[in-house]
J.: 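Please read through the structure below; I'll follow up with questions.
All chains are named by letter (A, B, ...) in the order of the sequence lines, taking the proteins before the strands, and each is independently numbered beginning at 1.
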There are 2 protein chains.
Amino acid sequence: MSRPLPLLTGAPPAERADAARNRAALLEAAAELMAGCGVAALTMDAVATRAGVGKGTVFRRFGSREGLMASLLNHREAEWQAGVISGPPPLGPGADPLDRLLAFGASRLRLHRDQAALIEAAGAVWGENHAVLGFAALHVRLLLAELGVEGDLRYLATALIAPLGVPVLRQQIDHGQMTEAQVLDGWTELVRRVV
Amino acid sequence: MSRPLPLLTGAPPAERADAARNRAALLEAAAELMAGCGVAALTMDAVATRAGVGKGTVFRRFGSREGLMASLLNHREAEWQAGVISGPPPLGPGADPLDRLLAFGASRLRLHRDQAALIEAAGAVWGENHAVLGFAALHVRLLLAELGVEGDLRYLATALIAPLGVPVLRQQIDHGQMTEAQVLDGWTELVRRVV
DNA sequence: AATACAAGCGGACCACGGTCCGTTTCGCCT
DNA sequence: AGGCGAAACGGACCGTGGTCCGCTTGTATT
């Protein structure tokens with residue numbers, strides 16, 4: 001009776017001990033491999049071997065290679081979300097909404113640049129994750145509301161977040177000869193026009 | 001001496017007759033397969049077999065699967081660009097710049113929705129193609145200039161195009177419970193705020 | 001402690017994208 | 001016409017992502 005009744009817990013009926021151990025081992029193995037040779041080294045076979053388990057186990061735990069990438073990203077994303085919810089201003093609560101919004105953009109730009117390789121490797125699994133885009137969109141939407149912006153805030157939030165996407169940034173900075181600072185200035189100007 | 005001198009032609013030193021024949025056969029085979037069973041049926045082996053050539057030939061012509069997809073898209077994209085350059089208003093020249101810009105958005109939305117599967121399958125090859133994003137960005141930039149908008153027009157153009165990207169549309173319409181009409185309304189409102 | 005059963009595990013197996021290199025074909029030049 | 005170099009061809013081959021199914025292990029129950 002030490003574990004909560006199934007009816008009271010969330011959907012997943014808990015994970016068996018060995019499964020949890022393997023998940024941790026796999027994530028660690030993946031992180032090590034990536035530190036060594038980048039995302040290209042993240043072969044399912046390689047990760048499995050390094051963690052000392054069979055390949056089937058990797059797929060059982062993460063569903064696909066993209067799922068594994070998404071799990072690796074989750075750590076950073078969770079940290080970032082924590083910074084938004086309860087971190088220090090101007091990203092966290094307490095600052096002027098406009099300052100928070102601009103800090104959001106700068107922070108998101110940094111995150112996307114730092115994790116670009118993983119995010120691209122995670123592909124659709126990451127993109128379709130409601131907990132990611134959904135959180136950012138909700139946050140921006142609330143800030144827009146605080147700023148007294150009128151109109152379809154759900155759409156405006158999405159439209160402000162879209163130019164911060166990894167492919168767009170890659171195009172602008174890696175191919176379009178813009179600096180990160182110019183991109184951020186551009187985005188700031190965009191925000192000022194919208195609010 | 002019937003062919004122009006190499007110095008006068010563009011970079012590619014022309015394509016051999018058999019190569020051109022095979023390219024056409026492969027594109028047709030690919031189009032047929034896609035009409036039958038969607039992008040999933042577009043296996044390199046399947047396309048090659050259907051066209052009656054070896055697999056190596058497909059890679060020689062298109063470089064990769066994504067390259068093949070991009071080539072399939074090129075037809076539609078070229079038609080669309082022609083519509084922008086010399087088609088009837090409001091998309092083509094002759095209408096008020098704002099009307100042209102809004103027509104651009106609507107038209108681009110349609111195109112991206114229609115070709116979504118192919119565009120996603122083309123992945124980076126399509127995204128990095130300057131002739132595609134570059135053209136759209138330049139067009140929007142010119143329209144913004146005509147409208148007398150000030151600021152970093154290059155960035156603003158990109159920022160207006162970003163929310164029309166396939167992944168964003170998919171998120172909004174397929175997962176976010178918005179209709180295409182709502183998305184278009186939202187984009188229109190975004191444009192009005194920016195200009 | 002013994003039992004029962006679900007959950008997890010492993011690695012052989014498959015399909016597909018991509019490469020490579022010996023052979024064939026094209027098209028120009030004499 | 002015949003010869004020659006370059007371009008194109010084809011299909012065997014490889015690595016990787018993903019599936020499948022018989023076996024093992026953990027956990028709840030008595």
J.: What distance do B/Asp114 atom CG and B/Arg110 atom CZ have between them, rounded to the nearest 0.5 Å?
T.: 4.5 Å
J.: Ignoring backbone atoms, test whether B/Thr57 places a side-chain nitrogen or oxygen under 4.0 Å from the OP1 or OP2 oxygen of D/dG10.
T.: yes
J.: To the nearest 0.5 angstrom, please state how far the CG atom of B/Asp185 sits from the CD atom of B/Gln182.
T.: 7.5 Å
J.: Do the rings of A/His130 and B/His175 sit parallel, tilted or perpendicular, given the 30° and 60° boundaries?
T.: perpendicular
J.: Can you check whether A/Ile173 reaches A/Glu180 side chain to side chain, under 4.5 Å on heavy atoms?
T.: yes
J.: Measure up the B/Phe104 and B/Trp187 rings against each other and bin them: parallel (under 30°), tilted (30 to 60°), perpendicular (over 60°).
T.: tilted
J.: Between B/Arg60 and B/Glu15, which has a closest nucleotide on DNA chain C that is more 5'?
T.: B/Arg60
J.: Set out, line by line, the N/O atom pairs under 3.5 Å between protein and nucleotides 17-20 of chain C.
T.:
unit_1: C/dG17; atom_1: OP1; unit_2: B/Arg65; atom_2: NH1; d: 3.3
unit_1: C/dG17; atom_1: OP2; unit_2: B/Met44; atom_2: N; d: 3.0
unit_1: C/dG17; atom_1: N7; unit_2: B/Lys55; atom_2: NZ; d: 3.3
unit_1: C/dG18; atom_1: OP2; unit_2: B/Arg65; atom_2: N; d: 2.9
unit_1: C/dG18; atom_1: N7; unit_2: B/Lys55; atom_2: NZ; d: 3.2
unit_1: C/dG18; atom_1: O6; unit_2: B/Lys55; atom_2: NZ; d: 2.4

J.: Within the 4.0 Å heavy-atom criterion, would you say A/Arg23 contacts the bases, only the backbone, or no part of the nucleic acid?
T.: nothing
J.: Would you find a donor on one side and an acceptor on the other, under 3.5 Å apart, between the side chain of A/Arg100 and the backbone of A/Val84?
T.: yes
J.: Taking NZ, NE, NH1 and NH2 as the nitrogens, is one of them in A/Arg113 or A/Asp174 under 4.0 Å from a carboxylate oxygen of the other?
T.: yes
J.: Could you pull out all residues at least two apart from B/Phe59 that satisfy ring-ring contact (aromatic ring centres under 6.0 Å, His included)?
T.: none
J.: List DNA chain D stems (3 or more consecutive Watson-Crick/G-U pairs, under 3.5 Å)?
T.: C:1-30 with D:1-30
J.: Answer with yes or no whether B/Arg16 presents, from its side chain, a donor or acceptor under 3.5 Å of a partner atom in the base of D/dA8.
T.: no
